[in-house]
Asks: 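Dropping the structure in here first, questions after.
Note that the structure is predicted; figures quoted are calculated from it, not measured. Protein chains get the first letters and strands the later ones, always in sequence-line order, with residue 1 at the start of each. Basis for what follows: all heavy atoms, side chains included, without hydrogens, waters or symmetry-related copies.
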Amino acid sequence: MGNILEFLIRTDVWLGTIVVVLVPIGFTVLSNKLKELRKKTHKRKEQHFIQDFTLSPKISVNVEQIKAIVGDSSDIIFRQFKLGMDNRSCSIVHIDGLVDQHLLQQSILHPLLNAKQAKSGLNFFKTESIKDYLLLHTIEVSDVKVVKETDKIIRQLLSGSVLLLVDGLAEVFVLSVKKWILRGMEEPITETLVRGPRMGFIENLRDNTAMLRRMTSDPNLTFEDFEVGERTKRQLTVTYLKDIANEKLLEEVKDRINNLDIDHAAETGYIEQLIEDDYLSIFPQVQSTERPDRVMAAILEGRIAILLDGTPYALIVPTTFSMMLQSPEDYYERWIPMSLIRMLRYVAAFLSVFLPSFYIAFVSFHQGLIPTDLALAIAGTRLGVPFPTIIEALLMEVSIELLREAGLRLPRPVGQTVGLVGALIIGEAAVQAGLVSPIMVIVVAATAIASFVSPQYGAGIALRVLRFLAMFSAAFLGLYGISLFFLAICVHTVKLRSFGVPYITPGTLYSKDDWKDFFLRMPLFTMRKRPAEYFPKDQIRRKKY
Amino acid sequence: MAKQKMKRNIFACLIVLLFLSGCWDSSDIEDMSFVIGFGFDSSENEETPIKHTTQIAVTKKKGEQAGAQQGKMYQDITVEGNSLHDILRSISLQLPYPVYTDHLASIVINQETAARYDLSILLDQILRDNVTRLSPVVVLSKQQASDVLGTNIEGEIPSSYIGNIFDNKTSTMKMLPPVRVGDIAANLSSHVSFVLPNVTKEKNTILVNGAGVIRGKDNKLVGYLTDDEVQGINWLTGKGMGGLLNFKDEKDNTIIYEVQHYKTKVEPLYKDGRLTFHVKVTSQGWISEDWSQSSNNLSERYIQKLEHLAEKKVVKLMEGTMKKLQNEYQSDVIEFHDSFRISYPRDYQEMKKDWDKYFADADVTYDAKIKIINTGDMVKD
């Protein structure tokens with residue numbers, strides 16, 4: 001009894017108790033706060049970004065209304081003219097810079113200004129037949145719509161269409177002669193291949209869908225359009241093969257996109273973050289790519305791609321961990337070397353997370369597990385290094401990350417200098433100054449190289465973060481800590497799902513057939529079926545083995 | 001829902017507990033003294049009967065190593081005392097870093113010391129300790145163990161040098177397979193006799209020669225075996241990894257048979273209180289050297305003759321060793337008890353205690369079968 005009392009009055013006991021109680025409570029409170037934030041709906045005024053008005057037969061009224069809505073922006077051009085030989089006043093409204101001036105001149109203005117009475121006897125200049133006359137005889141543009149809804153008209157105007165208002169008509173012709181400055185098609189920088197098509201998506205959605213359309217003449221290739229962004233109304237296209245993609249999956253994807261609540265989606269990254277399953281997970285649960293061939297291959301497997309106007313990055317769902325380590329080139333080259341390279345990538349991914357932590361664990365906990373000669377060599381190199389291994393490793397890792405970030409953001413010529421200076425400082429000077437040991441430099445360099453192997457940039461970032469966690473757990477508990485950390489990752493990834501597909505499929509052994517395309521890339525003829533993990537409607541890819 | 005929250009809280013508490021014990025065993029690699037070898041000698045002083053040498057690897061800073069090769073790779077600390085653990089701790093009085101015995105490579109025991117003290121007592125601390133491994137080799141030494149460990153070998157630490165010598169076990173039959181602490185631990189506690197290889201310091205090198213016999217009854221050294229007798233041991237146990245057999249033909253020409261593969265089978269027979277062992281050796285190998293004039297003779301008959309001569313030599317080696325073991329040392333170091341136990345498990349339980357005596361009285365017959373499968377590259381005239 002006395003012992004217990006004596007134990008209870010010790011300060012370190014109390015300190016420990018406070019830490020043990022307070023830290024989890026803090027975490028719980030924090031996570032609850034986050035959850036509330038997610039659920040909370042902020043009441044927003046029902047916003048109408050475009051005022052409704054009714055089109056009147058009087059053209060001057062309509063033009064005034066449009067002016068009132070779009071304001072006095074300098075790039076909006078109103079052009080009034082008289083229609084042909086009639087004296088009916090017309091008006092063209094368009095945005096300067098979004099319209100092909102040449103085409104506008106030739107195919108719209110010119111025919112309208114020179115419209116003549118046709119020989120067929122009908123008086124086309126009468127109000128009731130003017131619409132047909134213009135549509136059938138005058139306007140030399142293929143994409144013409146006659147629209148009554150005013151908000152639609154304004155949207156169309158603002159996205160580059162030409163509005164043609166005619167006196168006496170309570171409708172507006174929407175003519176599409178869009179043309180604006182675009183980047184040309186280039187090879188995607190983030191996913192370069194040695195062998196494979198050199199094309200990448202660009203910022204224009206229509207061109208992107210055209211690229212996909214050009215890859216197949218399969219009528220089942222479906223583009224389904226959505227508008228995202230309450231205010232900006234960006235066009236978003238869900239792409240799939242309708243006889244392959246699983247209906248439930250498609251339903252889920254559409255559902256999530258319809259429930260998107262955002263005012264402006266600048267990049268597919270917004271979409272990705274709003275439709276992913278677990279926002280707290282470090283792993284990317286949606287694959288993003290710039291390569292049309294990759295998208296095509298994915299939708300042929302029964303997955304679904306999401307394209308957004310204004311960004312060259314397409315999203316592919318569902319995504320599993322193994323996808324982060326696969327490259328389209330795996331399939332373009334022969335299977336034996338590519339299988340080996342794919343295994344190399346798995347090794348590299350493991351190393352990029354665990355190499356520094358293994359070094360820390362061995363050097364500061366399990367010196368007995370290193371061969372004697374190596375142990376002596378490491379001890380020799382660490383002689384005179386003033387920091388414990390974890391500090392040394394952190395120092396090096398953080399400076400590598402700094403270098404990487406600096407090289408990324410700086411203009412290209414300066415970026416190279418940063419790389420050079422950084423390499424000199426880290427590789428030479430730090431060792432010379434005795435701040436770090438040469439072996440640590442090797443470990444950090446090897447880790448950095450291993451982390452560059454990942455063919456998906458997003459996966460690389462996730463692994464970089466995990467590396468630091470692994471290093472801390474190694475510094476706390478050695479190999480035991482690393483094992484615990486690895487277990488924690490395993491538990492998390494097994495639980496994690498991307499659109500209903502477990503994140504580490506086919507590692508969960510759902511289907512043994514899928515293992516043909518997991519660590520190894522078996523010959524193409526063996527991959528007769530589509531991956532079972534996405535439950536495609538049509539499972540058989542090839543008839544014969 | 002509330003229950004789940006509760007569960008999560010408890011789980012979080014447990015996780016945090018984990019971190020309270022963080023960095024438990026952490027210590028930086030350069031802040032420890034790697035013990036590579038132990039040496040046991042006896043001292044004259046009654047109070048401190050053990051003279052113990054600890055060999056510690058000197059860690060050198062990179063760069064200095066290349067320039068100053070003459071610097072010693074190791075540091076020997078000899079302390080007298082009456083307990084091994086006490087001695088190890090008293091070393092801490094003169095070293096900057098704590099000793100770390102995980103990399104222990106070899107344990108050298110002076111022959112006199114081994115003859116005077118029970119080995120199970122000498123090695124008690126090493127066997128009990130949870131850091132020291134069971135892998136260091138144990139050898140006897142003719143000279144003082146401290147002398148052997150002090151051998152000045154260029155660029156080598158003597159104790160790891162000793163450990164490395166045994167890597168050559170595939171190329172000679174005159175060397176016993178390395179005996180590790182783990183191997184002898186069982187023998188010591190069950191009082192079974194065994195042999196330990198012997199090392200000798202010779203100027204600036206250490207060589208393995210002969211072996212010492214440890215009698216199971218008292219775990220003390222009782223005698224020595226020469227190189228040839230070690231060969232006999234290897235043939236009898238079948239535990240050698242290969243090597244040479246040197247024999248002579250009738251004209252006294254030296255012929256070398258290189259053992260590629262050999263197998264020894266011991267068949268015990270216990271009848272009417274009479275214990276008989278039949279040792280069957282089969283071997284395959286090459287003729288790698290032949291000093292006789294008939295070196296180009298590749299006839300079947302000649303090879304058969306050589307095979308016969310080699311067989312005779314093997315039997316002679318085994319007989320010589322067996323005679324010494326049975327008559328002089330009365331110790332079964334060649335694990336005949338194992339084959340006997342397998343054949344007569346009940347009888348062995350009764351005889352276990354006095355096994356060495358039964359062994360000494362046993363009759364042993366030998367049978368060697370050697371097949372020469374290759375006589376080497378030869379130019380025929």
Asks: With chain B, which of A/A379, A/G478, A/G368 has the greatest number of heavy-atom pairs at distances under 4.5 Å?
Replies: A/G368
Asks: Counting only heavy atoms not in B/K174 (residues, nucleotides, ligands), do more than 12 fall under 6.0 Å from its NZ?
Replies: no
Asks: For B/E202, does the CD atom have more than 12 heavy-atom neighbours from other residues, nucleotides or ligands under 6.0 Å away?
Replies: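 No, CD of B/E202 has 12 or fewer neighbouring heavy atoms, counting only those of other groups under 6.0 Å.
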Asks: Crowded around A/F7 CZ? As in, over 12 foreign heavy atoms under 6.0 Å?
Replies: no
Asks: Any non-hydrogen side-chain atom of A/T372 less than 4.5 Å from a side-chain atom of B/I157?
Replies: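 A side-chain contact is absent here, since even the closest heavy-atom pair is not under 4.5 Å.
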Asks: Under 4.5 Å from any heavy atom of chain B, what part of A/S437 do you find: side chain, backbone, both or neither?
Replies: neither
Asks: Do A/I370 and B/I29 touch side chain to side chain, with heavy atoms closer than 4.5 Å?
Replies: yes
Asks: Could you measure the distance from the CG atom of A/L369 to the CG atom of B/D102? Nearest 0.5 Å is fine.
Replies: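 It is 7.0 Å, given to the nearest 0.5 Å.
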Asks: Looking only at heavy atoms, what is the nearest atom pair of A/L383 and B/E30, with distance?
Replies: CD1-CB, 4.0 Å
Asks: Is there a donor-acceptor pair closer than 3.5 Å between any side-chain N or O of A/Q367 and the backbone N or O of B/F34?
Replies: no
Asks: So which part of A/N32 gets closer than 4.5 Å to some heavy atom of chain B, the side chain, the backbone, both or neither?
Replies: side chain
Asks: Less than 4.5 Å to any heavy atom of chain B: does that hold for the side chain of A/V385, its backbone, both, or neither?
Replies: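 Backbone of A/V385 only, per the 4.5 Å heavy-atom cut-off to chain B.
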Asks: At a 4.5 Å cut-off on heavy atoms, which part of B/F11 comes close to chain A: side chain, backbone, both, or neither?
Replies: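 No part of B/F11 comes within 4.5 Å of chain A.
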Asks: Would you give the length of the straight line joining atom CG of B/D28 to atom CD1 of A/I390, rounded to the nearest 0.5 angstrom?
Replies: 11.0 Å
Asks: For B/I36, is it the side chain, the backbone, both or neither that has a heavy atom under 4.5 Å from a heavy atom of chain A?
Replies: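 Just the side chain, heavy atoms under 4.5 Å.
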Asks: Of all heavy-atom pairs between A/A375 and B/H103, which one has the smallest distance, and what is that distance?
Replies: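 Heavy atoms only, the tightest pair is CB-NE2, 3.7 Å.
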Asks: Does a sphere of radius 6.0 Å around CZ in A/F27 hold more than 12 heavy atoms from other residues, nucleotides or ligands, not counting ones at 6.0 Å or beyond?
Replies: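 Counting neighbours around CZ of A/F27, 12 or fewer heavy atoms of other residues, nucleotides or ligands fall under 6.0 Å, so no.
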Asks: Considering non-hydrogen atoms only, spot the tightest contact between A/L376 and B/A57 and give its length.
Replies: CD2-CB, 3.4 Å
Asks: So for atom CD, which belongs to B/Q94, do other residues, nucleotides or ligands contribute more than 12 heavy atoms lying within a distance under 6.0 Å?
Replies: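 Yes - once you tally the heavy atoms of other residues, nucleotides and ligands closer than 6.0 Å, there are more than 12.
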Asks: Report, as yes or no, whether the 6.0 Å neighbourhood of atom CZ on B/F166 holds more than 12 heavy atoms from other residues, nucleotides or ligands.
Replies: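 More than 12 heavy atoms, drawn from other residues, nucleotides or ligands, come within 6.0 Å of this atom.
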